[in-house]
Amino acid sequence: MLDPAGPFAGPIQTVAWVLFVMAAVVMVVVLGALGVALFGPRKWKRRVGGERLIWIAGLAFPVVVLTGLLIYGLTTTARVADAPKAGEMRVRVTGEMWWWRVAYLDDQGREIVQDANEVHIPAGQPVVFELESADVIHSFWVPRLGGKTDMIPGRRNFMRLQADAPGTYGGQCAEYCGGPHALMGLVVVAHAPDDYSAWLERQSRPAAAVPSAQGPLALIDQGRNVFAASGCAACHTIRGTEANGLAGPDLTHVGSRQTLGAGILPNNRGTMAGWISDSQSLKPGNRMPSYAVLSGQDVRAVAAYLESLK
Amino acid sequence: MSSETGFDPELYKRFPTTEARPEGELEQLDEVWCGPRRPWEWITAINNNYIGVYYVGAAMLFFVLAGVLALLMRTQLALPMTGFLAQETYNQIFTMHGTVMMFLFAVPAVEALGVLLLPQMLGARDLPFPRLSAYAFWAYLVGGLCFFASLFFGLAPNGGWFMYPPLTSTTYSPGINADFWLLGIGFIEISAIAGAIEIIVGVLKTRAPGMTLDKLPIFAWAMLIFACMIIIAFPSIILSTLLLELERALGWPFFDAAKGGDPMLWQHLFWFFGHPEVYIIFLPAAGAMSTLIPAVAQTKLVGYRLVVLAMLATGFISFGVWAHHMFTTGMPQISINYFSAASMAVSVPAGVQVFAWIATLAAGKMRFNTPGLFAVGGLVIFVMGGLTGVMVAMVPFDWQAHDSYFIVAHLHYVLIGGMVFPLFAAIYYWTPMSSSRPLSERWGKWIFWLMFVGHNVTFMPMHLTGLMGMPRRVYTYLPERGWDLPNMISTVGSFMFGLAVLLWVVDMVRNFRPFGNKDAGNVFGGPGLEWLPSGRYSLRSVPVIKSLYPVWDQPDLARDVEAGRYFLPGAPRGERETMITSPINAEPQYLQRMPQPSSWYVWGAIFTAGFFLILTIQAYLVSVISGVLAVYCILKWCWGLDRPSGPATVDVGGGVRLPTYVSGPSSHGWWAMVITLIVSGMVAIMACFSYVFLWSRRPDLWQAPPEIGSLPLTLGLLAAAGVGAWASQGALKLDRPRSAGIAAVLMLAATLAAGGAFAAEASAWWNSGLRPDASSQGATVYALLAWQGTFVGISLLMGPFVLLRWLCGLVSSRYPATFEVVALFVAFTAVQGAATTLLIRLFPGVGA
Amino acid sequence: MRFWLLMLGGLLIWAAHFMALYLLSSASDVARDDAGAWNGAGLVFSLICLIAIAGLCWRCIVWLRMKPTDETRAFGLRLAVAGGLLGGIGVVFQTLVLLAPV
């Protein structure tokens with residue numbers, strides 16, 4: 001919040017500074033009056049020691065300040081909470097225990113691409129987030145881009161965010177959702193508008209077919225087989241293969257994500273292997289069991305396969 | 001002064017009386033009010049001097065326990081990704097820290113202060129319903145300890161102290177942990193409401209004569225407003241805990257979106273209670289500040305009227321801000337804005353009080369003793385908390401700060417500054433009243449500074465971590481976000497705070513000696529009646545009050561009171577008694593006969609707590625037995641009520657004669673019943689709100705109500721019940737030969753009519769095919785029916801009770817109190833039944 | 001009873017105002033109408049409340065000017081005026097919301 005990166009966060013930072021200055025001024029007044037009351041010379045104490053202090057400092061002054069703040073607050077609220085406009089890009093994020101299901105929508109509101117845990121948006125324009133929950137109450141919060149909005153089962157909430165410049169913006173679930181709520185992180189990546197269309201187009205493609213192979217590709221091929229044989233498809237989807245499970249994050253392009261486990265680990269072969277073999281140690285209570293049954297070789301192979309899904 | 005009751009104010013001129021008091025009068029008074037002699041009498045004691053100390057002690061015990069939990073949490077959070085506490089353990093600990101602090105420490109502590117101080121301050125001998133306070137205390141202690149023990153079995157609730165569904169539904173919280181919270185909070189609600197009834201009647205009806213409202217001690221004002229707020233706010237959480245338990249146990253979908261429920265309903269119900277709750281906690285502490293700051297500065301409170309008004313305004317406006325806890329939920333913007341506006345408004349009265357305190361300090365000369373230090377320190381911390389409160393009242397700022405450590409910082413600043421520090425000030429200030437030794441001033445100053453610095457070191461950095469993006473309720477955090485150092489600093493501060501509390505506990509052990517024959521006296525030079533020489537009977541005689549600061553303004557008061565020169569210098573009937581006075585002008589109305597200790601209310605409390613707790617562990621048969629025993633004990637207790645004997649009037653001093661039995665709207669029993677019925681009515685209103693709210697979310701799920709033709713029967717029977725109850729007590733007062741019998745039979749008939757109406761209505765709905773677990777309509781309709789059914793059930797106990805009293809010859813036209821009180825209850829049941837029936841039958845209309 | 005009602009009058013009017021505005025906005029949300037008519041009703045009610053508070057304060061000030069000998073009554077009247085003031089501030093704040101852009 002202290003380092004806003006868009007027009008839905010900037011005004012809030014200004015509000016914060018105004019409020020902080022107000023608070024500091026009031027503290028000075030209160031401490032000053034208190035100081036006089038406790039330690040001041042008699043003449044000053046007499047000024048402060050009567051009902052007049054209460055009427056002026058306790059009633060009139062706060063009412064004036066609060067009225068001003070209220071008006072300022074109401075107008076700022078209207079600025080950062082505008083209703084979604086037609087034609088704005090829409091992303092649907094559904095809170096799950098303890099990850100984020102992401103779906104990019106077309107103009108008619110149909111889902112055109114599914115993803116998980118990382119939301120990509122074009123920079124420099126407002127994006128409408130449709131926020132829902134699949135289970136309990138979560139809250140979507142990317143402080144540098146804006147305030148938070150809860151994801152409540154049975155409701156669909158809307159929030160607009162905008163990143164002024166391309167970059168990566170981190171966030172975290174902000175409503176206690178049990179278990180590893182502390183480790184339900186979030187990544188928003190903003191692209192320059194041209195790059196964005198390219199990215200979205202790449203994302204919409206199914207996973208590239210892996211040729212049966214020798215050499216370095218053999219590990220990836222082996223990984224694909226282990227993936228299919230270990231029941232991973234029961235929970236995960238990799239478009240272009242037979243895996244179409246919906247309980248867990250979509251893995252079609254998991255290799256291209258910056259983080260794993262919903263924003264808590266950097267994404268590389270090592271952490272991928274670690275996650276598969278022992279996610280319960282990394283994020284206790286999460287819905288994916290630890291695959292300790294897989295041999296080290298198999299785990300490495302699956303990791304290599306998933307990393308190849310860029 | 002114009003009279004409120006017809007009492008002649010000239011009679012006050014007879015006091016202080018001049019004749020010598022009779023021999024043995026003081027000894028008799030002492031004997032009648034004797035303290036515990038045998039071991040079990042320490043448990044059955046009902047005198048507020050005992051219960052008050054027990055109560056404060058229990059509350060401080062829970063404070064220390066919950067504080068230890070906090071130290072565990074801070075140890076875990078000192079460094080990122082530590083494994084000191086397992087995730088589930090931490091989740092249970094943070095839930096318990098909040099729950100124990102809010103429910104088992106904060107409200108009971110301030111209520112306990114009231115129990116301990118109010119009778120003395122008001123010049124009464126005890127609270128008006130001493131056995132009720134005892135019942136409330138033991139239920140709280142037994143229940144609270146068992147609830148806390150759930151931690152040791154890994155069964156503590158883990159959904160956060162406000163337990164939002166669906167996380168706390170059976171789907172996502174399958175164990176009994178959540179049930180512990182729901183049922184555990186239940187008996188704490190009972191004890192809070194019992195205390196509130198006590199305090200309202202105590203402040204308005206048991207004051208020293210002449211203590212008109214403009215001379216009511218400011219602490220009494222605070223407690224009165226506190227108690228009224230409890231009456232209005234607690235029903236909301238009573239209802240919400242009942243609803244969530246019904247959903248968990250029976251599948252009635254109040255909050256389950258799949259069947260038409262809405263998680264937001266919980267949030268509305270919870271926070272309608274939850275926000276006033278924090279002001280409920282703050283107001284008595286503020287009242288204590290307004291009382292001891294004048295003592296510390298040795299000058300009268302500046303702006304007494306404004307402070308009273310500020311507390312009244314806080315009481316009202318705090319009910320209009322609840323949804324500021326819900327700014328991020330996607331509520332309509334205009335609703336959000338209303339709550340923001342009201343949240344800004346509610347800080348104005350707080351500011352008024354703060355500047356009244358500063359003005360008082362300026363008008364006098366502050367002595368830097370321990371109560372004074374805690375008062376000033378608390379003031380500073382509270383103002384800081386209030387300022388961050390104004391910040392989060394601004395919606396855009398809250399959209400960033402909500403559910404982050406900024407809020408954790410804010411809430412601890414307002415609660416610790418606004419309640420904990422004033423509480424410690426109060427403890428140091430008033431200990432000499434209860435203990436033969438005051439607490440150590442030297443230690444007190446160390447404890448204060450450690451606590452003040454420790455608090456700021458702990459919670460100041462949390463503002464920063466919150467703004468940096470650290471959410472609440474996280475058992476750990478990732479490194480390299482800049483959160484590491486502030487968290488470490490917070491942890492160091494928390495141990496400083498803990499050390500301060502530890503030192504205080506040690507000092508209490510060293511110096512606190514209650515229940516002795518002598519107290520340490522007016523060490524800090526306070527002006528209130530509680531500083532007059534007193535015994536277990538409170539004051540030897542009840543003075544005529546002429547000022548807000550009796551000890552300062554009426555210099556001979558101590559001598560005259562002790563010599564028995566005022567009202568009630570002894571025990572005119574040889575029993576425990578106190579005077580009942582009128583609400584506005586405190587004119588004497590009658591002499592209240594007060595009970596001696598017995599054991600029914602203690603057993604009743606144990607069985608009540610047992611019922612709730614054993615229900616939680618699902619040993620249903622044992623729990624039902626416990627419940628039946630609780631009801632039995634309470635009925636035995638009630639059987640002993642309303643047994644008038646002896647002369648109709650009595651000399652209470654100076655030749656003034658007062659009646660010994662009064663029934664009707666002036667009587668304390670009538671008031672207690674009315675207040676109880678207001679609580680019940682509020683629950684019904686909140687239930688009706690829930691019905692309308694859930695309908696507004698899913699009108700498509702509403703099916704047609706039963707045929708309109710069956711409605712007149714229900715309404716007719718309810719009308720018969722109401723009229724019958726009213727006629728019954730009227731018949732009794734007619735004083736005809738067979739009045740008693742007719743009245744008893746009429747009352748029984750009235751309760752049966754209410755029962756019949758309920759049966760008719762419940763079967764009409766059942767036959768319409770609606771089922772409680774099928775939809776939100778079913779859930780709310782049957783919830784309203786169940787609530788009504790509870791009242792009908794109690795009425796069906798009252799009918800035979802009254803009949804039995806008649807059969808035992810205990811009913812007489814001259815003593816209609818029981819009948820009046822029962823009639824109120826049955827008539828209320830009828831009205832509640834009619835109102836709720838009309839709502840669920842006629843809204844939103846046939847065939848919506 | 002009259003004494004209490006008078007003393008708490010300003011705050012009771014605030015409470016009625018809050019409840020009415022909350023009900024109106026909930027009803028408008030459910031009816032999903034154009035908010036204009038509902039907001040208009042709210043503004044009218046706000047005006048009524050402010051007039052009521054002003055009336056209450058004026059009446060109490062008049063009674064105070066008559067220098068009542070009953071201290072308790074005077075106390076109650078002074079509280080009524082101050083309560084009217086604080087209640088009025090709350091009503092104004094809430095009315096500002098109706099006038100704000102949404």
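Labels below follow one simple rule: chain letters A, B, ... track the order of the sequence lines, proteins then strands, and each chain is numbered from 1.
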Show the numbers, then the answer: is there a side chain to side chain contact (heavy atoms under 4.5 Å, CB included) between C:L98 and B:I334?
CA-CA 8 Å; C:L98 276 173; B:I334 191 162; 4.1 Å; yes
In terms of heavy-atom pairs under 4.5 Å with chain C, which of B:A310, B:S696, B:A313 leads?
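The option with the most such pairs is B:A313.
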Determine the option with the most heavy-atom pairs under 4.5 angstrom with chain C, choosing from B:P583, B:P349, B:A345.
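Among B:P583, B:P349, B:A345, the one with the most close pairs to chain C is B:A345.
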Distance from [X] atom [atom1] to [Y] atom [atom2], nearest 0.5 Å?
X: B:L213; Y: C:F3; atom1: CG; atom2: CZ; answer: 5.5 Å
X: C:T72; Y: B:D214; atom1: OG1; atom2: CG; answer: 4.0 Å
X: C:L11; Y: B:L309; atom1: CG; atom2: CG; answer: 6.5 Å
X: C:L77; Y: B:R305; atom1: CG; atom2: CZ; answer: 11.0 Å
X: C:W4; Y: B:I584; atom1: CH2; atom2: CD1; answer: 6.5 Å
X: C:R78; Y: B:L306; atom1: CZ; atom2: CG; answer: 11.0 Å

Name the region of C:M19, side chain, backbone, both or neither, that has any atom closer than 4.5 Å to a heavy atom of chain B.
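No part of C:M19 comes within 4.5 Å of chain B.
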Is any side-chain heavy atom of C:L8 closer than 4.5 Å to one of B:F316?
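B:F316 reaches C:L8 side chain to side chain.
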Validation row, ring centre C:Y22 to ring centre B:F339 under 6.0 Å:
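Yes - the distance between ring centres of C:Y22 and B:F339 falls below the 6.0 Å cut-off.
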Would C:F93 and B:Y338 count as a close aromatic pair, with their ring centres under 6.0 Å?
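Ring centroids of C:F93 and B:Y338 are no less than 6.0 Å from each other.
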Members of residues 82-89 of chain C whose heavy atoms come closer than 4.5 Å to chain B
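Residues of residues 82-89 of chain C touching chain B at under 4.5 Å: C:A82, C:G83, C:L86.
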